[in-house]
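For the single chain, residues carry numbers from 1 onward in sequence order.
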Amino acid sequence: MTEKTNVKVLEEVVVRFSGDSGDGMQLAGNIFSNVSAGVGDEISTFPDYPAEIRAPQGTLGGVSGFQVHIGRGVHTPGDLADVLVAMNPAALKTNARHVKRGGVVIIDSDSFRASDLEKAAFKTDDPIQEAGLSHAQIVPVPITQMVKDSLADSGLDNKSIVRCKNMFALGLVCWLFDRPLEQAQHLLKNKFAKKPAIYEANAKVMNDGYNYGHNIHASVSTYRVESAQVRPGIYTDVNGNTATAWGLIAASEKSGIPLFLGSYPITPATDILHELAKRKDLGVKAIQVEDEIAGVCTAIGASFAGNLAVTSTSGPGLALKSEGIGLAVMSELPLVVIDVQRGGPSTGLPTKTEQTDLLQALYGRNGESPVVVLAASTPTNCFDMAFRAAKIALEHMTPVILLTDGFIGNGSSAWRIPNMDEYPDIKPNYVKPEQLGAWKPYDRDERSVRYWARPGLEGFMHRLGGLEKDSKTSAISTDPVNHEKMVRARQQKIDNIANDLPLLNVQGNPDADLLVVGWGGTYGHLYSAVEALNAQGKPVAFVHFNYINPLPLNTEEIIRRYKRVVVCELNNGQFAAYLSGKVPGKTFLRYNKIQAQPFMVSELIEHFTKLLEEE
């Protein structure tokens with residue numbers, strides 16, 4: 001890139017691909033992310049899908065976006081884009097507010113006719129000025145016509161030719177960042193392995209876009225991103241749903257117990273079902289059932305039969321599964337429930353993200369029905385937390401609800417493929433040979449965990465069910481005193497799990513007066529904001545929760561250590577309310593966002609700065 005006269009050297013950069021839902025922006029963004037991970041960049045992505053299945057072409061409701069943040073010290077997809085690719089006026093209008101001052105905006109000038117502007121509700125014939133982008137470097141490129149010219153002799157129909165224009169844009173962006181096309185071509189070849197003509201067309205167009213960049217190098221900024229210094233190993237770009245599926249498979253391998261998934265498709269959790277359905281080679285049994293209730297009930301049956309049983313869903317499905325989860329609580333069977341949270345209530349905003357299922361996960365069942373609740377914090381952390389959820393469920397004979405969300409479920413990060421020798425063994429609480437003849441299904445060990453006898457084990461025939469059982473004989477019982485004893489035993493079992501959890505770790509400046517608290521998928525944004533403030537000499541401490549029920553043992557001690565505590569979450573204050581009951585008398589400040597979008601680092605910095613100035 002030595003011939004380029006306007007090169008910006010940056011430690012990190014943000015690119016946002018946007019266009020109509022049929023323009024292939026997700027594919028272009030995914031390939032660019034993989035290529036960047038391959039050259040040693042840290043990455044964080046945010047696919048932003050339209051809510052409509054297929055909105056009218058060219059309208060605001062049909063805009064699909066994919067944002068990727070690459071470079072060093074990357075923990076979020078970024079607030080504002082250094083480069084925006086807008087394939088039509090609707091994409092430009094929707095995403096103009098996401099462009100940094102002086103950033104590059106690439107538009108397909110063939111899609112900016114008067115009729116296109118009208119569909120996007122522009123009121124003038126100057127969309128750049130109207131969108132407030134006079135500060136940006138605008139790069140109009142006749143992408144559609146150039147793609148048509150390039151593939152005129154390809155033998156493809158016009159619709160197939162036009163669908164390749166996303167690869168022209170990708171090639172141009174790869175040129176902007178001096179990214180090698182070989183890896184992108186390899187990914188394309190895998191994508192279209194069974195359609196060689198489509199692969200050849202897309203590869204040609206991508207090269208055309210790359211070469212087009214050389215013709216405009218004097219008129220637009222290009223970027224050189226300093227690669228991160230990462231731990232040696234094999235890395236791949238993985239999204240949270242895929243990492244969740246892989247974590248469950250790893251737990252199956254470590255425990256020696258076959259994995260079963262009973263699930264009903266629901267946005268944004270369906271990819272977990274898709275991924276596990278591919279893994280018959282690893283002994284995974286994945287079944288798409290007729291509804292959410294069947295999903296949890298098949299999993300409970302599989303658990304009784306001795307499987308690592310899982311069901312996956314989102315918020316509406318968790319509500320439908322509640323009675324089934326209660327059955328697993330009463331029967332004391334291991335069960336992992338994955339909830340990839342989305343906007344609600346009811347069907348809500350299926351393609352958007354929130355953290356609004358927390359109280360449902362904690363309390364959304366009849367009776368005293370305690371379960372373990374965990375939350376993953378990043379796409380790659382989904383692997384570890386899925387593994388941990390399975391380990392707790394199997395070793396403590398309990399349902400475990402793992403909360404992820406649409407942001408980290410669909411978003412991706414560069415993930416170092418782990419050495420599984422670094423992960424602990426999973427040891428279910430099986431009955432012991434010496435218990436033969438004296439064992440009852442609700443006999444417990446010193447942790448209040450009942451022993452597990454899988455069907456077919458000679459001498460351990462038994463039955464379980466949803467009716468209360470006698471603590472000694474395991475026969476059905478309606479005795480009031482016995483019921484209270486069993487309720488307390490089931491609660492004690494959950495409480496004792498805290499002894500096996502890692503302690504909270506304070507990040508940022510532990511000696512600060514202000515403590516920022518978060519949980520789940522908000523980690524990257526909160527961490528980045530706290531780091532930025534401490535770098536400015538404004539002391540802020542930070543703790544983030546992956547373990548919610550039970551809480552880590554040092555939770556109260558840490559929270560009481562700080563003068564002011566602000567809990568930040570993508571709901572109306574559910575975790576803050578929960579903590580208020582766990583740390584009585586402590587005042588929790590709240591910063592809540594319920595816009596079905598992740599936090600922005602800038603808004604967090606602004607809010608924390610105000611809190612510091614009030615002290």
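- Under the side chain to side chain donor-acceptor pair (under 3.5 Å) criterion, Thr45 pairs with Ser412, not counting sequence neighbours.
- Checking Phe575, Tyr578, Trp519 one by one against Phe545, the ring pair (Phe, Tyr, Trp, His ring centres under 6.0 Å) holds for a single residue, Phe575.
- Residue Arg163 places its CZ atom among 12 or fewer non-hydrogen atoms of other residues, nucleotides or ligands, all under 6.0 Å distant.
- When the shell of 6.0 Å around NZ of Lys100 is examined, it contains more than 12 heavy atoms from other residues, nucleotides or ligands.
- Looking at Asn95, its side chain never comes within 3.5 Å of a backbone N or O of His98 through a donor-acceptor pair.
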| task | Just do the salt bridge (Lys or Arg N to Asp or Glu O under 4.0 Å) check on Asp41 and Arg179 with the steps written out, would you? | result | CA-CA 11 Å; Asp41 289 325; Arg179 292 291 186 257; 2.3 Å; yes
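- A donor-acceptor contact closer than 3.5 angstrom is absent between the side chains of Asn30 and Gln26.
- Between the side chain of Thr94 and the main chain of Ala91, no donor-acceptor pair closer than 3.5 Å is present.
- Remark: Glu323 CD is loosely packed, at most 12 non-hydrogen atoms of other residues, nucleotides or ligands lying under 6.0 Å away.
- Between the Gln574 side chain and the Leu358 main chain, a donor and an acceptor come within less than 3.5 Å of each other.
- Residues satisfying the side chain to side chain donor-acceptor pair (under 3.5 Å) test with Asp110, not counting sequence neighbours, are none.
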Quiz: residues 199-206 side-chain donor-acceptor pairs under 3.5 angstrom, not counting sequence neighbours:
residue, atom, partner, partner atom, Å
Asn202, ND2, Ile198, O, 2.8
Lys204, NZ, Ser150, O, 3.4
Lys204, NZ, Ser150, OG, 2.8

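- Rounded to the nearest 0.5 Å, atoms SG (Cys382) and CD1 (Ile338) are 8.5 Å apart.
- In this structure, Thr59 contributes its side chain and Pro56 its backbone to a donor-acceptor pair below 3.5 Å.
- From Asp357, atom CG reaches atom CG of Asn571 across 9.5 Å, with rounding to the nearest 0.5 Å.
- The existence of a salt bridge linking Arg113 and Asp125 is excluded, since no basic side-chain nitrogen approaches an acidic carboxylate oxygen closer than 4.0 Å.
- With a 6.0 Å radius and a threshold of 12 heavy atoms from other residues, nucleotides or ligands, Asn158 has its CG atom above the threshold.
- At distances below 3.5 Å, not a single donor-acceptor pair connects side-chain atoms of Lys148 with backbone N or O atoms of Ile161.
- When the options Phe66, Phe407, Phe17 are evaluated for a ring pair (Phe, Tyr, Trp, His ring centres under 6.0 Å) with Phe46, the one that passes is Phe407.
- Residue pairs that meet the side-chain hydrogen bond (donor to acceptor under 3.5 Å, both in side chains) test with at least one member in residues 336-352, sequence neighbours left out, are Asp48-Lys352.
- Between the side chain of Asp405 and the backbone N or O of Gln355 there is no donor-acceptor pair closer than 3.5 Å.
- Asn166 places no side-chain N or O within 3.5 Å of a backbone atom of Met25 that could act as its donor or acceptor partner.
- Partners of Gln185 according to the side chain to side chain donor-acceptor pair (under 3.5 Å) rule, which considers only residues two or more places apart in sequence or in another chain, do not exist here.
- Judged by distance alone, the side chains of Ser111 and Asp108 do bring a donor and an acceptor atom under 3.5 Å apart.
- The aromatic rings of His214 and Trp175 sit perpendicular to each other, their planes meeting at more than 60°, with 30° as the lower class boundary.
- Without hydrogens or angle criteria, Ser314 side chain to Val340 main chain gives a donor-acceptor distance under 3.5 Å.
- Ring orientation note: the planes of Tyr591 and Phe599 are close to parallel, at an angle under 30° on the 30°/60° scale.
- A 4.5 Å side-chain heavy-atom check between Asp116 and Asn88 finds every atom pair outside the cut-off.
- Annotation for Asn190: atom CG counts as buried by contact number, over 12 foreign heavy atoms lying within 6.0 Å.
- The pair Glu12-Arg72 does not count as a salt bridge, with every side-chain nitrogen at least 4.0 angstrom from each carboxylate oxygen.
- No donor-acceptor contact under 3.5 angstrom links the side chains of Thr378 and Ser413, judged on distance only.
- Residue-environment remark: CZ (Phe383) exceeds the threshold of 12 foreign heavy atoms within 6.0 Å.
- Take Tyr523 and apply the ring-ring contact (aromatic ring centres under 6.0 Å, His included) test, not counting sequence neighbours, and it matches Tyr527, Phe542, His544.
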| query | Glu569 and Arg590: salt bridge (Lys or Arg N to Asp or Glu O under 4.0 Å), yes or no, with the steps? | reply | CA-CA 8 Å; Glu569 43 189 331; Arg590 304 182 183 193; over 6 Å; no
